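All values derive from a computational prediction rather than experimental measurement. Convention: sequence-line order gives letters A, B, ...; per-chain numbering from 1.
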Amino acid sequence: MNDTLAGWLQILLLVLALALTFRPLGDHIARVLTGTRHTKTERLVYRAAGVHGDIDQTWPVYLRGVLAFSLVSTLFLYGFLRVQNLLPLSLGRGAVTPDLSFNTAASFVTNTNWQSYAGESTMGHLVQMAGLAVQNFVSAAVGISVLAALLRGFTRQSTGRVGNFWVDLTRIVVRLLLPLSFVFAIVLVASGVIQNFHGFHDVTTLAGGHQSIPGGPVASQEAIKELGTNGGGFYNANSAHPFENPTALTNLIEIYLLLVIAVCLPRTFGVLVGDRRQGYAVIAVMALLWAASVALVTANELHSVSSTAGHAAGGMAEGKEQRFGIWSSALFAVSTTLTSCGAVNSAHDSYTPGGGGMTIFNMMLGEIAPGGTGSGLYGILILAVVAVFVAGLMVGRTPEYLGKKLRGREMKFASLYLLTTPLTVLVGAGLTMAFPGPRAAMLNTGPHGFSEVLYAFASAANNNGSAFAGLSADTVWYNTALGLVMLIGRFLPMVFVLALAGSLAGQQPVPVTAGTLPTHRPQFVGLLTGVILIVVGLTYFPALALGPLAEGLH
Amino acid sequence: MRTIHSPLLRQHLAALRLLLVLTVLTGIAYPLAVTGIAETVFPHRANGSPLPAHGTPVASRLIGQSFNLPKQHPADPHEALRPDPRWFQPRPSAADAGKGAGPYDPTASHASNLGPNDAGLTRTVRARRLAVAAFDHVPPASVPVDAVTASGSGLDPDISPAYAYEQAGRVAGARGLAPAAVRGLVAGHVQGRFLGFLGQERVNVVELNHALARRP
């Protein structure tokens with residue numbers, strides 16, 4: 001079988017698997033978010049935590065829950081990393097430095113999983129599984145919780161209540177993330193991903209040299225790393241490492257896992273708002289952007305477009321594993337940058353200017369196609385609100401979306417949401433380039449060096465976490481700046497989403513009339529796609545022109 | 001118990017307690033349960049697919065190794081490593097901690113991260129092509145792409161079948177074996193795409209060299 005046919009079949013299998021999951025998982029999540037009964041386990045959790053499961057919260061109370069939980073998580077993880085040397089299973093690793101601990105804590109709590117460290121030489125097993133991996137679960141659950149509140153904003157009327165954060169968080173962990181992770185962790189071990197508590201194991205190699213082979217509870221962490229769109233690798237090489245991703249099958253499973261929740265949430269959305277077609281319209285936009293991106297990155301890599309090193313080598317294999325090749329690497333790269341996952345199975349830094357530039361552009365879209373767990377859907381719904389508003393301006397009537405009026409108050413929250421991330425990306429990257437010290441951290445020179453910095457800030461602000469890894473980011477400047485950018489890029493938008501949720505929940509629904517813009521037709525799919533591309537394109541074009549575009553045209 | 005009146009403090013205490021409960025559940029119970037099942041049902045794979053499966057392991061099937069000649073001055077970290085013609089050679093690797101242990105160091109998984117138009121990378125690729133061509137006695141144009149590029153992990157155990165066949169003649173000559181026998185050994189180690197269409201064809205260098213070493 002030739003490469004092209006095999007590549008297409010791989011994409012087809014992935015799409016088929018996602019399509020088959022779409023209804024059952026989307027419906028399951030809808031039940032999790034609306035069910036009125038608490039399971040026995042959940043009641044035990046509520047009692048141990050001392051929270052009441054039956055109180056419906058207003059949006060400020062819900063928000064305070066989100067922020068309190070995230071603050072406590074950040075401090076707890078920071079402390080955990082600082083005292084690692086005193087803990088069991090630390091493999092002799094020292095305490096993590098203050099700036100790196102702050103960066104890592106901010107990174108894992110915000111679902112970013114940017115890593116300024118190399119796992120195999122910095123983190124012991126206990127910190128990995130009971131510190132970092134726990135945040136893989138709960139940060140993903142926080143994202144879905146905030147989405148749940150927004151969806152209730154659309155479905156409820158004349159109430160200030162948007163749900164109970166503690167219940168949402170607990171249920172998503174217990175009924176969704178934990179069971180799925182468990183099943184797929186076992187599948188991954190069966191395919192060769194390691195799962196043990198050994199340290200390094202010394203062997204005398206075939207040629208008579210020495211090699212230290214690492215151990216670790218990798219599979220359990222790998223499953224939730226992808227499922228929760230976290231992306232923080234157990235090892236430095238992330239999903240390029242043979243112990244994290246040993247075969248082309250585990251590779252496809254990992255791509256499936258990092259997409260599956262975000263892809264199924266539009267179904268949940270359709271079910272909850274009582275019109276499944278609304279969900280189909282949203283997933284159509286996501287699928288369009290994803291498919292276009294897969295095509296562009298794969299084509300650039302296959303033809304070594306604008307790459308002298310690629311032409312000298314006879315192909316874009318630098319930074320890619322032999323068992324994956326271009327098709328499986330490009331598919332992973334696109335999926336991981338369009339979700340907020342950020343796991344990588346190849347070195348994005350060594351991609352063609354077009355392919356690597358596309359991964360940056362993917363993140364700049366705001367992680368919406370399909371985006372992170374929860375955050376992807378609330379991100380695209382904000383853009384849908386803007387699209388409806390733009391259409392309303394064209395015909396001169398008060399815009400409505402899903403029976404709710406979009407007035408000045410709603411549009412202010414939506415606009416603030418959309419401004420936050422670009423502002424942090426561009427100010428962060430701009431400041432960094434202004435100082436000689438941070439500039440020196442670039443491995444590559446010229447436009448490609450700037451792309452490394454732009455990638456870092458786009459990745460942090462959009463809570464992606466992947467990198468053009470040539471950048472030496474373990475410095476006080478980058479650890480602090482990127483840590484702050486991740487926190488702002490995660491929590492400020494959440495404030496606006498919850499405020500919008502409260503505002504929508506308080507409204508009476510408006511009846512649908514002949515003048516209402518239908519938001520489930522291909523026409524709206526086109527409008528929303530256009531709004532997304534124009535908003536992002538205009539915002540980031542100057543920065544992209546200095547980086548990947550300049551390099552590609554050179 | 002004394003009642004806490006500040007709602008803000010109460011909320012943070014609830015958050016802390018919930019975090020601790022969820023840590024026990026997802027950070028302790030979950031990985032232990034997965035490990036328990038993994039060690040019972042798939043002990044070989046859970047422990048890194050050691051080679052050979054029984055006895056003293058010399059490798060993991062999944063982690064590539066270097067196959068170089070012994071260094072002339074073992075203490076000198078700057079001595080250039082020379083490939084051993086008796087072994088099939090893996091891809092170039094950037095997993096080098098710089099401590100003299102050489103590449104394919106699993107304590108330092110790494111890609112080169114050099115850009116697509118990096119002048120140094122382009123020069124390195126050209127130099128590798130000439131070096132491999134001279135080493136394997138083939139024309140430079142026929143050296144396959146995986147022979148001149150470093151992988152994403154620096155621990156890639158695989159090479160393309162083309163690169164393996166290219167090396168067969170040189171390995172046979174260095175070991176005094178019949179070239180046809182070595183090519184036959186390579187043919188037996190070519191792994192097709194998974195399910196016929198996932199990933200790429202490959203030859204696992206560690207397994208191939210292990211089989212080579214066990215030949216009488």
Let me know if [X] has heavy atoms under 4.5 Å from chain B in its side chain, its backbone, both or neither.
X: A/F76; result: side chain
X: A/H348; result: neither
X: A/A190; result: both
X: A/V174; result: side chain
X: A/L71; result: side chain
X: A/A118; result: neither
X: A/V189; result: both
X: A/S191; result: backbone
X: A/T204; result: backbone
X: A/S239; result: neither
X: A/Q128; result: neither
X: A/T352; result: backbone
X: A/F324; result: backbone
X: A/L13; result: side chain

Determine the option with the most heavy-atom pairs under 4.5 angstrom with chain B, choosing from [options].
options: A/E452, A/E321, A/H201; value: A/E321
options: A/I186, A/I194, A/D3; value: A/I194
options: A/A49, A/G356, A/A347, A/A248; value: A/A49
options: A/A130, A/A240, A/G319, A/A237; value: A/G319

Parallel, tilted or perpendicular: ring planes of A/F165 versus A/F69, cut at 30 and 60 degrees: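 Plane angle over 60°, so perpendicular.
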In terms of side-chain heavy atoms, does [X] have a donor or acceptor partner in [Y] at a distance below 3.5 Å?
X: A/Q322; Y: B/S151; value: no
X: A/T247; Y: A/R323; value: no
X: A/S329; Y: A/E301; value: no
X: A/S346; Y: A/Y351; value: yes

side-chain hydrogen bond (donor to acceptor under 3.5 Å, both in side chains) assessment of A/H241 paired with A/N236: CA-CA 8 Å; A/H241 197 293; A/N236 186 46; over 6 Å; no
Residues B/R170, B/D136: salt bridge by 4.0 Å N-O rule: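 Looking at B/R170 and B/D136, the cut-off is met.
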A/K320/B/D146 salt bridge by N-O under 4.0 Å criterion: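 A/K320 and B/D146: not salt-bridged.
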Under the 3.5 angstrom rule, does the side chain of [X] hit a backbone N or O of [Y] as a donor-acceptor pair?
X: B/R129; Y: B/P140; value: yes
X: A/Q221; Y: A/N136; value: no
X: B/Q89; Y: B/D84; value: yes
X: B/R128; Y: A/A313; value: no
X: B/H12; Y: A/V72; value: no

Contact check, side chains of A/H448 and A/F468, non-hydrogen atoms, under 4.5 Å: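 Yes, at least one pair of side-chain atoms sits under 4.5 Å.
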Atom group of B/A59 that falls short of 4.5 Å from chain A, counting heavy atoms: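 Contact with chain A: backbone only.
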Side chain / backbone / both / neither for B/L8 at chain A, heavy atoms under 4.5 Å: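 Side chain of B/L8 only, per the 4.5 Å heavy-atom cut-off to chain A.
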Could you tell me which of [options] has the largest number of non-hydrogen atom pairs under 4.5 Å with chain A?
options: B/R61, B/H44, B/H210; value: B/H210
options: B/L114, B/L195, B/D105; value: B/L114
options: B/A94, B/S49, B/S112; value: B/S112
options: B/L155, B/V125, B/V34; value: B/V34
options: B/S153, B/P116, B/G27; value: B/P116
options: B/N209, B/V143, B/I159, B/I28; value: B/I159

From CG (B/D118) to CD (A/E318), nearest 0.5 Å: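 Atom-to-atom, B/D118:CG and A/E318:CD are 9.5 Å apart.
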